[in-house]
Amino acid sequence: MVELIITEKPAQAEKIASALADTKPKKRTKNSVTHYELTHKGKSILVGCAVGHLFGLAKKDNKKAKYPNFDIEWKPKYEIDKGAEYTRKYVERLKELSKKAKNVIVATDYDVEGSVIGYNIVRYLCNKKDGKRMKFSTLTKEELIQAYDTATKHLDFPQIHAGETRHHLDWFYGINISNALMTSIKNATGRFRIMSTGRVQGPTLKLIVKKEELIKKFKPKKYWELFLEGTLKKTKFLAKHKKGSFSNEKEVLKI
């Protein structure tokens with residue numbers, strides 16, 4: 001029985017293969033993509049890798065963008081982003097490896113993004129609904145062996161759902177509002193400009209703008225503060241006048 005271990009990055013694949021191999025793992029490279037073949041305690045294992053996200057959310061159809069749009073699905077990144085064409089060869093290699101393996105183990109980063117990356121590979125490239133999960137925080141040999149030996153029988157679905165929710169919110173809020181923003185600018189000026197906003201970017205920008213408005217409205221005024229330096233039982237101290245600050249210099253001088 002052959003197992004396929006999926007990592008998030010090429011460097012992780014090499015580390016895991018080296019850590020688990022009974023002897024030196026075999027390095028196989030095709031179309032500039034490398035995977036590893038090894039045995040661990042006599043068990044045959046393949047280690048393949050992604051390069052971060054291999055899938056992204058996109059509209060189900062390729063028609064001109066409408067506002068708002070909520071009909072979306074996961075698609076290979078090379079289909080929705082010309083700059084991600086390099087991911088195609090990783091998709092093809094993982095598909096090939098999955099056909100040789102009966103079981104799949106996800107060994108991506110143990111966080112929401114890593115969980116989504118692994119789950120999309122499992123369901124879309126390996127055609128499986130579930131798999132095992134390795135959990136580790138360092139790439140030391142001892143921890144990687146322990147992570148493999150204690151891999152959970154199921155994927156970390158709470159993290160997967162949290163990650164998917166984040167991506168969907170980014171689309172529903174960010175993409176839709178950005179489209180509305182660009183449309184409104186074009187209608188008002190007659191010119192098209194690329195503008196963006198999002199669930200984090202928009203509110204943060206508003207906070208910055210409001211703070212800048214307060215700064216511009218601020219009119220500096222002179223004020224005075226009184227302090228007393230003293231020593232009590234050989235301990236130095238600094239005491240501030242109970243009134244805090246003074247707006248009248250005469251009052252300060254009188255005190």
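Checked by atom type and distance alone, the side chain of D22 pairs as donor or acceptor with a backbone atom of G42 at under 3.5 Å. Using a distance-only test at 3.5 Å, with no hydrogens or angles considered, a donor-acceptor pair links the side chain of S184 to the main chain of L181. Remark: side-chain polar atoms of E143 are paired, donor with acceptor, to backbone N or O of S137 under 3.5 angstrom. With W224 contributing its side chain and K250 its backbone, the two residues share no donor-acceptor pair below 3.5 Å.
Partners of E8 according to the side-chain hydrogen bond (donor to acceptor under 3.5 Å, both in side chains) rule, which considers only residues two or more places apart in sequence or in another chain, do not exist here. Every residue two or more places apart in sequence or in another chain that forms a side-chain hydrogen bond (donor to acceptor under 3.5 Å, both in side chains) with Y110 is listed here: K135. With sequence neighbours left out, the salt bridge (Lys or Arg N to Asp or Glu O under 4.0 Å) criterion links K26 to no other residue.
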Which pairs of donor and acceptor atoms, one on a side chain in residues 234-241, lie under 3.5 Å apart (sequence neighbours left out)?
from : atom 1 : to   : atom 2 : distance (Å)
K240 : NZ     : E225 : OE2    : 3.2
H241 : ND1    : K243 : N      : 3.0

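Considering all non-hydrogen atoms of both residues, A58 and I80 come closest at CB-CG2, 3.3 Å. When all heavy atoms of L4 and G48 are compared, the closest pair comes out as CD1-N, 4.0 Å. Nearest heavy-atom pair across A162 and V112 is CB-CG1, 3.9 Å. Of all non-hydrogen atoms in C49 and A13, the two that sit nearest each other are CB-CB, 4.0 Å. Scanning all heavy atoms of the two residues, the minimum distance from M134 to L144 falls at CE-O, 3.8 Å.
By the 4.0 Å N-to-carboxylate-O rule, R166 lies close enough to E113 to be salt-bridged with it. Between D130 and K153 there is no salt bridge, since none of the side-chain N atoms of the basic residue sits less than 4.0 Å from a carboxylate O of the acidic one. Looking at R123 and E164, a side-chain N of the basic residue comes within less than 4.0 Å of a carboxylate O on the acidic one, giving a salt bridge.
Note on I16 and V122: separate hydrophobic clusters, where clusters join Ile, Leu, Val, Met, Phe, Trp and Tyr whose side-chain heavy atoms are under 4.5 Å apart, directly or indirectly. Hydrophobic clustering (side-chain heavy atoms under 4.5 Å, transitive across Ile, Leu, Val, Met, Phe, Trp, Tyr) keeps V116 apart from F136. Neither Y90 nor V47 shares a network with the other; the hydrophobic side chains, linked directly or stepwise wherever heavy atoms of I, L, V, M, F, W or Y lie under 4.5 Å apart, form separate groups for each. Note: the hydrophobic cluster containing V33 does not contain Y36 (ILVMFWY, side chain heavy atoms under 4.5 Å, direct or indirect links). Hydrophobic clustering (ILVMFWY, side-chain heavy atoms < 4.5 Å, transitive): L125 and I117 are in one cluster.
Applying the side-chain hydrogen bond (donor to acceptor under 3.5 Å, both in side chains) test to pairs two or more places apart or on separate chains, those with a residue in residues 76-85 are E85-R88. Evaluation of the side-chain hydrogen bond (donor to acceptor under 3.5 Å, both in side chains) test over residues 198-211, restricted to residues two or more places apart or in two chains, returns D170-R199, S196-Q201.
By the 6.0 Å contact criterion, NZ on K89 is enclosed, its count of non-hydrogen atoms from other residues, nucleotides or ligands being greater than 12. Other residues, nucleotides and ligands contribute over 12 non-hydrogen atoms within 6.0 Å of the CD atom of E212. Atom OH of Y223 has 12 or fewer heavy atoms from other residues, nucleotides or ligands within 6.0 Å.
In this structure, Q12 and D109 have side chains that are in contact, with non-hydrogen atoms separated by less than 4.5 Å. Contact of the L57 side chain with the W74 side chain is registered, since non-hydrogen atoms from C-beta on lie closer than 4.5 Å. Proximity of I145 to L20: side-chain heavy atoms (C-beta onward) are separated by under 4.5 Å at one or more points. V51 places a side-chain heavy atom less than 4.5 Å from the side chain of P10. H161 places a side-chain heavy atom less than 4.5 Å from the side chain of F157.
Atom CD1 of I194 sits about 11.0 Å away from atom CD1 of I185, to the nearest 0.5 Å. Rounding to the nearest 0.5 angstrom, the gap separating the NZ atom in K100 from the OG atom in S44 is 12.0 Å. Interatomic distance, L169 CG to F172 CZ, rounded to the nearest 0.5 Å: 8.0 Å. Between atom CD1 of residue I45 and atom OG1 of residue T39 there is a gap of 8.0 Å, rounded to the nearest 0.5 Å. Rounding to the nearest 0.5 Å gives a distance of 11.0 Å between CD1 of I5 and CG of N103. Once rounded to the nearest 0.5 Å, the distance linking NZ of K30 with CD of E96 reads 4.0 Å.
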List the steps and the verdict of side-chain contact (heavy atoms from CB on, under 4.5 Å) for Q159 and R133. CA-CA 12 Å; Q159 287 211 82; R133 187 56 156 114; 5.6 Å; no
Audit row: Y124, L54, side-chain contact (heavy atoms from CB on, under 4.5 Å) steps and yes/no: CA-CA 10 Å; Y124 295 126; L54 298 181; over 6 Å; no
Before giving the answer on side-chain contact (heavy atoms from CB on, under 4.5 Å), spell out for I72 and H168 the whole-Å C-alpha distance, their side-chain angles and the decisive distance to 0.1 Å. CA-CA 9 Å; I72 58 178; H168 277 81; 3.8 Å; yes
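Just one residue in the list I177, N176, I175 forms a side chain to side chain contact (heavy atoms under 4.5 Å, CB included) with T197, and that residue is I177.
Ring geometry, Y148 versus H40: the interplanar angle exceeds 60°, so the pair is classed perpendicular (tilted spans 30 to 60°).
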